[in-house]
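In what follows, a single structure is set out as structure tokens and then discussed.
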2 protein chains.
Amino acid sequence: MKRRKRDPKATKRALLEAAFEEMHKHGFQGTSISQILARTGMTKGALFHHYPSKLALAYAVLDEIVEPMIVDIWLVPLDSRDDPLVALQAMLRSSVKRMTDQLGRNALLLGCPLNHFAEEMSPLDEGIRNRCNRIFSRWQSGITGVLVDGIGQGVVRSDVDAENTAMFIIASIEGAISMGKQTQSLARCLEMLQGCGEHLSLYLESLRKN
Amino acid sequence: MKRRKRDPKATKRALLEAAFEEMHKHGFQGTSISQILARTGMTKGALFHHYPSKLALAYAVLDEIVEPMIVDIWLVPLDSRDDPLVALQAMLRSSVKRMTDQLGRNALLLGCPLNHFAEEMSPLDEGIRNRCNRIFSRWQSGITGVLVDGIGQGVVRSDVDAENTAMFIIASIEGAISMGKQTQSLARCLEMLQGCGEHLSLYLESLRKN
DNA sequence: ATCATTACATACTAAGCGGTATGAAGAGGC
DNA sequence: GCCTCTTCATACCGCTTAGTATGTAATGAT
């Protein structure tokens with residue numbers, strides 16, 4: 001009955017962000033359309049006008065929110081003119097700040113949305129799996145590139161398998177975030193992230209050519 | 001109508017194992033009672049006779065299946081008389097075999113059930129969170145103990161933070177399993193687990209006192 | 001053999017789910 | 001102003017969900 005001013009782009013975006021937040025907390029299957037609507041004050045008519053299905057909404061969340069977020073947190077800080085190994089170590093140190101900037105401090109307790117989607121849905125839906133796969137690949141490529149640069153510059157030992165190492169770094173980060181989330185304690189969450197960063201930094205140092 | 005011989009313990013166990021398999025694949029929220037019943041051929045009467053609710057069933061799955069499984073895969077192999085660092089490295093090498101022995105080869109694609117429960121339910125249910133927490137703590141304690149032994153024996157550098165390192169090892173393992181699952185390819189799953197094991201072995205070697 | 005108890009099977013319920021059908025109000029072109 | 005398309009709001013639908021109520025067959029104690 002109430003008719004406010006129309007702003008379809010803002011409406012669509014609000015639905016998308018509400019869907020992201022709900023799915024980040026409850027997972028895809030645990031999120032109901034009505035929860036998303038309650039969060040936005042919209043109705044089903046609006047949602048199904050902009051998105052044909054819940055699954056399509058999840059795809060949009062991955063494409064338009066999760067992927068840019070991963071890029072901003074984990075790839076953008078790699079664009080530096082530093083020594084590649086130092087750049088990676090700086091990325092690890094700044095990661096907590098980047099995450100809280102993007103997600104808000106309390107959302108750290110909800111873990112990595114990419115990992116959440118992947119863990120829940122990889123065996124269940126090809127569309128979600130392919131999207132997660134693409135994002136992870138992009139992330140891995142970014143780190144691989146830095147390591148390859150390092151090898152080219154003679155900073156990193158030439159026997160280092162860059163792709164494999166990049167995978168290991170991402171796996172450790174995601175694992176640490178998961179274990180932090182699992183405690184549901186902000187302090188221990190930060191402790192685990194920081195600890196992981198320090199261990200990885202040490203490991204990266206061991207890859208240095210000297 | 002069909003009445004077979006009764007075996008309540010076997011019935012309860014069958015329901016428990018079916019619940020584990022369903023929840024391992026679909027998650028807690030994504031699992032429906034009827035799917036569990038279809039898998040066992042039982043009916044609701046049987047299930048709700050043995051377990052008062054779906055949540056109670058999940059608790060039993062964690063207590064009676066997931067925890068022993070984690071212990072068997074990751075803690076039992078640490079009981080060796082070897083050099084502590086060698087024991088950890090051997091554990092990493094044998095992990096794939098232990099996992100496939102416990103879960104079956106194709107279930108590798110479903111990832112670590114502990115991590116799945118934790119990732120999905122940690123922010124949503126205290127009972128599940130506490131159980132996951134206990135299992136992770138037990139795992140971490142086991143590795144910490146080995147590292148502390150190593151320090152005591154003069155094999156591991158005394159400046160190593162055993163608890164923190166144990167956390168890092170577990171995080172890396174869980175992360176690698178997650179990334180493997182995400183590919184839904186057995187080959188890449190094995191590749192990631194193996195790669196992670198090699199990197200961790202190298203890192204462990206860097207902790208050696210010499 | 002009897003009888004209470006256990007171990008189920010069957011039928012049912014209220015609530016919530018994703019999705020659709022319909023209609024009306026806002027917005028832009030002429 | 002008028003007409004059309006877009007953008008929603010509302011009402012509804014069939015289905016599934018976790019859980020309950022009830023009844024009955026199997027089991028074990030006496």
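So that the names make sense, note that chain A is the first sequence line, chain B the second, and so on, each numbered from 1. All values below were derived from every heavy atom in this structure, side-chain atoms included, with hydrogens, water molecules and symmetry-related copies excluded.
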TODO: Give a yes or no on whether a donor-acceptor pair under 3.5 Å exists between the nucleobase atoms of dG19(D), that is its base, and the side chain of K44(B).
DONE: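 Such a pair is found, so the answer is yes.
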
Looking only at the side chain of [X] (C-beta and beyond, no hydrogens), which of the listed nucleotides [options] gets closest?
X      : options                  : result
P8(B)  : dA7(C), dG19(D), dT10(D) : dA7(C)
R6(A)  : dA11(C), dC8(C), dT6(D)  : dT6(D)
A46(A) : dT20(D), dG18(C), dC8(D) : dC8(D)

| message | Looking only at the side chains, is there a donor atom on one of Q89(B) and S201(B) sitting less than 3.5 Å from an acceptor on the other? | response |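 Per modelled atom types, Q89(B) and S201(B) side chains form no pair under 3.5 Å.
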
Item to complete: May I ask you to check whether S178(A) and E119(B) show a side-chain donor-acceptor distance below 3.5 Å?
Response: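 A donor-acceptor contact under 3.5 Å links the two side chains.
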
[N] phosphate, OP1 or OP2, under 4.0 Å from [X] side-chain N/O:
X      : N       : answer
H50(B) : dC8(C)  : yes
S32(B) : dT17(D) : yes
S34(A) : dC17(C) : yes
T11(B) : dA7(C)  : no
H49(A) : dT7(D)  : yes

Separation of [X] atom [atom1] from [N] atom [atom2], in whole Å?
X      : N       : atom1 : atom2 : answer
E22(B) : dA18(D) : CD    : C1'   : 16 Å
L37(B) : dT17(D) : CG    : P     : 10 Å
I33(A) : dC13(D) : CD1   : P     : 20 Å
D7(B)  : dC8(C)  : CG    : P     : 8 Å
Q29(A) : dA18(D) : CD    : P     : 12 Å
L15(A) : dC8(D)  : CG    : C1'   : 11 Å
K12(A) : dT6(D)  : NZ    : P     : 13 Å
M42(A) : dT7(D)  : CE    : C1'   : 11 Å

- Item | Step-by-step side-chain contact (heavy atoms from CB on, under 4.5 Å) determination, W74(A) to R98(A) | CA-CA 8 Å; W74(A) 301 107; R98(A) 297 246 174 190; over 6 Å; no

Q) More than 12 non-hydrogen atoms from neighbouring residues, nucleotides or ligands closer than 6.0 Å to CD on E205(B), yes or no? A)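 Yes, CD of E205(B) has more than 12 neighbouring heavy atoms, counting only those of other groups under 6.0 Å.
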
Whether the side chain of H24(A) engages the backbone of L110(A) through a donor-acceptor N/O pair (distance < 3.5 Å, no angle test) should be reported.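 Side chain of H24(A) to backbone of L110(A), a donor-acceptor pair under 3.5 Å: yes, one is there.
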
